[in-house]
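What follows is a single structure, written as structure tokens, with notes after it.
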Amino acid sequence: MTGRPIVCATRGGEASRRAQERAIALAREQGAPLIFLFVADIGPLKPSKDLVDVLTDELEQLGASLLCIAQARAHEHGIEAAMVIRRGAVRPALESFLREVDAGTLVIGAPERGAEHPPVFDPAGMDHFAAQIRAGLGVEVVVVE
Amino acid sequence: MENFLAVETLIILLLLVVCVVALVVRRVRLPYTVALVLVGLFITVKQPLAFEVTPELILALFVPPLIFQAAFHLEFNDLRDNLVPILTLAVPGVLLSTLIVSGIVALGVGLPLTIAVVFGALISATDPVSVIALFRTLGVSRRLAVTVEGESLLNDGTAIVVFNLALAAALTGSFNLVTGVIDFLWVALGGLGIGLALGWVVARLIALIDDYLVEITLTTVLAYGAYLLAEQVHVSGVLAVVAAGLVGGNIGPRGMSPTTKIVLYNFWEYLAFLANSLVFLLIGLRINVIELTSHIVPIVVAVGAVLVSRAVVVYGLLWATHALGSRARMPLAWQHVVFWGGLRGAIGLALVLSLPRDLASTSQLEVMAFGVVLFTLLAQGTTIQFLLKRLKLSERFPPIVAREVRLGRLYAAQAGLRRLVDLHQDGLLTGDVWAGLRDEYNRTNQRLADEMTQLFVEHADLEREVVLRARREALRAERSALGDALRQGLISEDVYRELAGAVDRRLEALTLIGASIGAPMEDSGE
């Protein structure tokens, strides 16, 4: 494996499968390592205190299941992808991880229309975030519709 | 004692009828409440029961659990987001409806205006139980359902307050507008105040207790206690229950363990089912069809008045709120549903039955009220589904329907294959016949699985939903296994509670996750 890693951030939303396939294709083209990332962010769920731990745990379990599915898909295409789960607010956790692994590309699904409550990114917010990541970290951002 | 046994026998028979109707109605396309009324009518025609439906029975026994349960499930945020249309329909809407109905009825039937106002008030409260049930079944927009349910909760209280003021005016022959407005505010705000205060106290108590049986009993005390206390001090019992239910449902659960929440939601669902079923069955049992047919003209006038007033209230007031700058604009298609879904039910009948016998035209008002309720249930209640479909408000997200179709086929095909395996193992299916059938079933299963995979490629969120649902099923199996272990004496009650509580917390967490990604776990209140 050569090149800076490709990070595919996934939450299992509508475009996530297409984003994963795009990330797998890029990893094959570039021969770069592929990492599937899930951020368990319980903030928007506003849980009561007694639910915080168990909610985090369940969200991580959901993430682990989704990442395992993505990993299996990558394996089918001959790519051995890593999977990582991080906790916290999505944007800072993503930025911090991209910096940590010195990622070359971030592949992410386009914002869902009205599916998440509240949405992590709205379309304008996504454009702004992508521009920030490109400028600040030098990471190429691929938004998959 | 004999009398007690006779009443008990009657209740058991009515519950048996309720069960039969609930089961049969699944096979026929008829709203449950409408079916109950029809069965009640049928029983009355065949053999009238010696049974008196008193207003106290409906208002003090059946209405509190119905209102409490509905308010309990209504979230503050949903209510706040839809407050403008809800309050518009529930307060000025009821006042306007009372005026329009009374005007038309006074002119059309020749009732004295004071009596007509009493009728206008008592018939203005909507009771869309069957409509709300249909909304849930058809997956209609939550905002529309909240508006219809919120309106019906609050307009019950408004209608009862206006009814009492109108009745006092009719009996005394005098009415002072200023006093009337002050009385209205006192009765309404007093009821809300009592409900809020009791709701808060009970929510605080619940936070201190960790015993689900006591906590559920406290909510029962809250629902009925709020009603009784408010009525004792002559303020609105219904509004007290609404406020108590809202506070109880929004603040109370914060102090409850997940186990308590699950049992509590089940308890109130059951109590509301019982109350709702008996109310509508009793409505059917109380209606005298022969009497209705002999008063057809006043009934037709009353029905017309109710429809005209509903149209003016819904289309007129909602347009006015928008014209006055409210941003909460309701689509026209929704307004049609709010108009046609404005069924009348238990509150109107309880109020008309509470009229003093010495009031002029009481029997005529009774017949008119029963006629209106019957019309709205039979005509509007049975056609609202058609309207929702025509307006395309009940259309489900096509990929979800597609997934269900494939899942259904896959489920059926696998059951078929299992049966063939049984036959093969019993030696009843052998050789090429067995091999041919097995291969064909395997091909079908593979094709369906491939189709499902393709669907997930296009809509990966469905795959996430499947993961969540599978996890929930697994947790429910874990909980069930814990119950088995307890029954078999493998674990003690304390250990069971601790472990079952942990599973319940996980189920609750899944409900939160499901709601946040727009994939509600349908039995969140299990």
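Letters A, B, ... mirror the listed sequences (proteins, then strands); counts begin at 1.
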With a 4.5 angstrom heavy-atom cut-off, could you sort out which part of [X] is near chain B: side chain, backbone, both or neither?
| X | answer |
| --- | --- |
| A:S16 | both |
| A:Q61 | side chain |
| A:I42 | neither |
| A:L59 | both |

Applying salt bridge (Lys or Arg N to Asp or Glu O under 4.0 Å), name anything that partners A:E95, two or more places apart in sequence or on another chain. none

Please classify the contact between B:R471 and chain A as side chain, backbone, both or neither, with a heavy-atom cut-off of under 4.5 Å. side chain

Quick one: ring pair (Phe, Tyr, Trp, His ring centres under 6.0 Å) partners of B:F68, sequence neighbours excluded? B:F72, B:W268

Side chains of B:R506 and B:R472: closer than 4.5 Å at any heavy-atom pair? no

Taking the side chain from A:R18 and the backbone from A:E145, do they hold a donor-acceptor pair closer than 3.5 Å? yes

Test your reading of the model: is there a side-chain donor-acceptor pair from B:N82 to the backbone of B:T147, 3.5 Å cut-off? no

